[in-house]
Amino acid sequence: MKLVKKWKSILMVGVFVIVLSVAYVAGSMAAMGSSKAHAEDSAKEKLEERSEKDIVALSKSFLENSRKFARQLLAENGECPLLDEYAEEHWGNSSLENIMNDVNAGDGAKDAILEVCDQNQIDVKTAKIKDLTEEQIVWIDQEVFRRSDHPYGVD
């Protein structure tokens, strides 16, 4: 009799553990489905909020070209000042500001350059292109492109 009660208790606990496990798995699957749907909706909203210029500026081809451009600037124009107001001449390749505005058909380079300099404690009055990193130049290029009248990605 005691043996039967013992096995009955063990069986009841086993059934209880199985029921709880099944409930946990079912709940987890439901939560995963809900999380996945929420993540998909959130990603879709973010994509829809991005402008065509943002998409172009983050594209692989834009970034590759921008990196090549940054390396070229560092190699060939490293001694040029960042802003036109600190350049001896005020045309063409006289400053990073002029170069970026020309390449991106805009006039927002100064603001992007000042932002990078402020964030990285760079003295914009004395700094040269060579004082920036490739990544900083790429970021400036992206920002100037986004703010420009450049024909790619215009809504």
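Atoms considered below: every heavy atom in the structure, side chains included; atoms not considered: hydrogens, waters and symmetry mates.
Salt bridge present: Arg146 and Glu143 bring a charged side-chain N and a carboxylate O closer than 4.0 Å.
For the pair Asp141 (side chain) and Ile137 (backbone), a donor-acceptor distance under 3.5 Å is absent. Asp102 contributes no side-chain N or O that, together with a main-chain N or O of Ile99, makes up a donor-acceptor pair within less than 3.5 Å. At distances below 3.5 Å, not a single donor-acceptor pair connects side-chain atoms of Glu89 with backbone N or O atoms of Ser94. In this structure, Ser148 contributes its side chain and Asn104 its backbone to a donor-acceptor pair below 3.5 Å. Between the side chain of Asn101 and the backbone N or O of Ala109 there is at least one donor-acceptor pair closer than 3.5 Å.
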Legend entry - CA sep, side-chain torsions, deciding dist, call: Gln119, Gln136, side chain to side chain contact (heavy atoms under 4.5 Å, CB included): CA-CA 10 Å; Gln119 290 173 355; Gln136 290 167 330; over 6 Å; no

Inset, instruction - Determine, stepwise, if the pair Asp131 / Lys128 fulfils side chain to side chain contact (heavy atoms under 4.5 Å, CB included). - result: CA-CA 5 Å; Asp131 297 321; Lys128 307 286 185 200; 3.9 Å; yes

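To the nearest 0.5 angstrom, Arg67 atom CZ is 7.0 Å from Glu134 atom CD. In this structure, CE on Met12 lies 10.0 Å from CZ on Phe16, to the nearest 0.5 angstrom. Note that CZ of Phe69 is 10.5 Å distant from CD1 of Ile140, once rounded to the nearest 0.5 Å. Interatomic distance, CD of Glu97 versus CG of Asp111, reported as 9.0 Å (0.5 Å rounding). Note: Leu82 CG to Thr126 OG1 = 8.5 Å, rounded to the nearest 0.5 Å.
Between Met100 and Val144, the closest heavy-atom pair is O-CG1, 3.7 Å. The heavy-atom pair separating Leu74 from Lys130 by the smallest distance is CD2-CA, 3.8 Å. Residues Pro81 and Tyr86 approach most closely at CG-O, 3.7 Å, considering heavy atoms.
Around CD of Glu88, the count of heavy atoms belonging to other residues, nucleotides or ligands within 6.0 Å does not exceed 12. Under a cut-off of 6.0 angstrom, the local environment of CG in Asn120 is crowded, with over 12 non-hydrogen atoms contributed by other residues, nucleotides or ligands.
For the pairing with Asn98, the side-chain contact (heavy atoms from CB on, under 4.5 Å) check across Asp84, Asn93, Leu83 returns one residue only, Asp84.
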